[in-house]
Asker: 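Following this message is one structure expressed as structure tokens.
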Amino acid sequence: QVHLVESGGGLVQAGGSLRLSCTGSVLTTFSAYNMGWFRQAPGKEREFVASIGRWGVWANYADSVKGRFIISRENAESTMYLQMNSLKPEDTAVYYCAGDFFYIQPGNTTKEFEYWGQGTQVTVSS
């Protein structure tokens, strides 16, 4: 089991950058989990942003963020990051980190992740 806490959200102007962090408190080891970022805007479903494999070799991105966002992890610190560059107003959402213990490769749907953080708000002004 893993307890996840996000941080780093805030208000930024369009074109700016933010870095989100997700720290995990685990009974086993952080490297046992695939990790991912999802986001949910008001009135919309939660959507996939990016995911990363247990050792950081595999990474997946939604088309909408590819080339602008970078996912990474530091297992020794039990932390995952999302570097968000060239932010757009449509990136405004609550961002959630998620952990998966069971799948071989990092997924891109909510059903492939068992553990979720509480979310951090990202607001991009135009």
Side-chain angles (χ1 to χ4, degrees):
Q1 187 171 353
V2 59
H3 177 66
L4 301 172
V5 179
E6 304 94 338
S7 62
L11 173 65
V12 64
Q13 288 189 330
S17 297
L18 279 176
R19 189 176 81 155
L20 304 183
S21 300
C22 171
T23 301
S25 299
V26 298
L27 294 180
T28 54
T29 175
F30 193 70
S31 61
Y33 299 84
N34 292 315
M35 299 296 296
W37 288 99
F38 289 76
R39 66 187 182 187
Q40 188 166 17
K44 295 189 176 182
E45 303 233 335
R46 193 169 297 189
E47 66 173 7
F48 170 74
V49 175
S51 62
I52 189 167
R54 292 173 172 83
W55 297 103
V57 175
W58 285 318
N60 303 312
Y61 295 91
D63 288 343
S64 59
V65 307
K66 204 171 291 184
R68 299 188 297 124
F69 291 10
I70 301 172
I71 190 171
S72 62
R73 65 190 295 164
E74 179 55 64
N75 287 339
E77 300 296 327
S78 298
T79 302
M80 172 181 65
Y81 302 98
L82 185 69
Q83 177 66 43
M84 305 187 294
N85 301 318
S86 302
L87 282 161
K88 305 175 181 179
E90 51 263 44
D91 294 318
T92 295
V94 176
Y95 283 69
Y96 297 91
C97 73
D100 155 57
F101 184 79
F102 297 104
Y103 286 85
I104 296 174
Q105 297 185 20
N108 59 6
T109 65
T110 56
K111 67 179 183 180
E112 294 172 285
F113 291 86
E114 303 85 60
Y115 304 103
W116 295 85
Q118 293 300 306
T120 185
Q121 176 70 47
V122 171
T123 303
V124 184
S125 63
S126 56

Asker: What distance separates F113 CZ from N108 CG, expressed to the nearest 0.5 Å?
Answerer: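 The CG atom of N108 is 8.0 Å from CZ of F113, to the nearest 0.5 Å.
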
Asker: Side chains of M35 and L4: does their closest heavy-atom pair fall under 4.5 Å?
Answerer: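 M35 reaches L4 side chain to side chain.
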
Asker: What distance separates K66 NZ from N60 CG, expressed to the nearest 0.5 Å?
Answerer: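 K66 atom NZ to N60 atom CG measures 8.5 Å (nearest 0.5 Å).
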
Asker: Does any N or O in the side chain of S51 come within less than 3.5 Å of the main-chain N or O of G107, such that one atom is a donor and the other an acceptor?
Answerer: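 Between the backbone of G107 and the side chain of S51 there is a qualifying donor-acceptor contact (under 3.5 Å).
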
Asker: About how many Å separate CZ of R73 and OG of S78, when rounded to the nearest 0.5 Å?
Answerer: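 Taking OG in S78 and CZ in R73, the distance rounds to 9.0 Å.
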
Asker: What I'd like to find out is whether the side chain of F69 reaches to under 4.5 Å of the side chain of L87, using heavy atoms alone.
Answerer: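 Result yes, sub-4.5 Å side-chain heavy-atom pair found.
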
Asker: Between D91 and K88, is there a side-chain N and carboxylate O pair less than 4.0 Å apart?
Answerer: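 Salt bridge flag = no for K88 with D91.
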
Asker: When you measure from the side chain of E114 to the backbone N and O of F101, does any donor-acceptor pair fall under 3.5 Å?
Answerer: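 Indeed, once roles are kept as given, a pair shorter than 3.5 Å links the two residues.
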
Asker: Please round to the nearest 0.5 Å and tell me the distance separating atom CZ of R68 and atom CD of Q83.
Answerer: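 It is 12.0 Å, given to the nearest 0.5 Å.
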
Asker: Distance check, rounded to the nearest 0.5 Å: Q105 atom CD versus R54 atom CZ?
Answerer: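 The CD atom of Q105 sits 10.0 Å away from the CZ atom of R54.
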
Asker: State, yes or no, whether a side-chain contact exists between T110 and F48 at a heavy-atom distance under 4.5 Å.
Answerer: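 Side chain of T110 against side chain of F48, heavy atoms only: no contact under 4.5 Å found.
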
Asker: Given the rule that I, L, V, M, F, W and Y join up when any side-chain heavy atoms are under 4.5 Å apart, are Y96 and W37 in one cluster?
Answerer: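 The answer is no; the residues belong to distinct hydrophobic clusters.
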
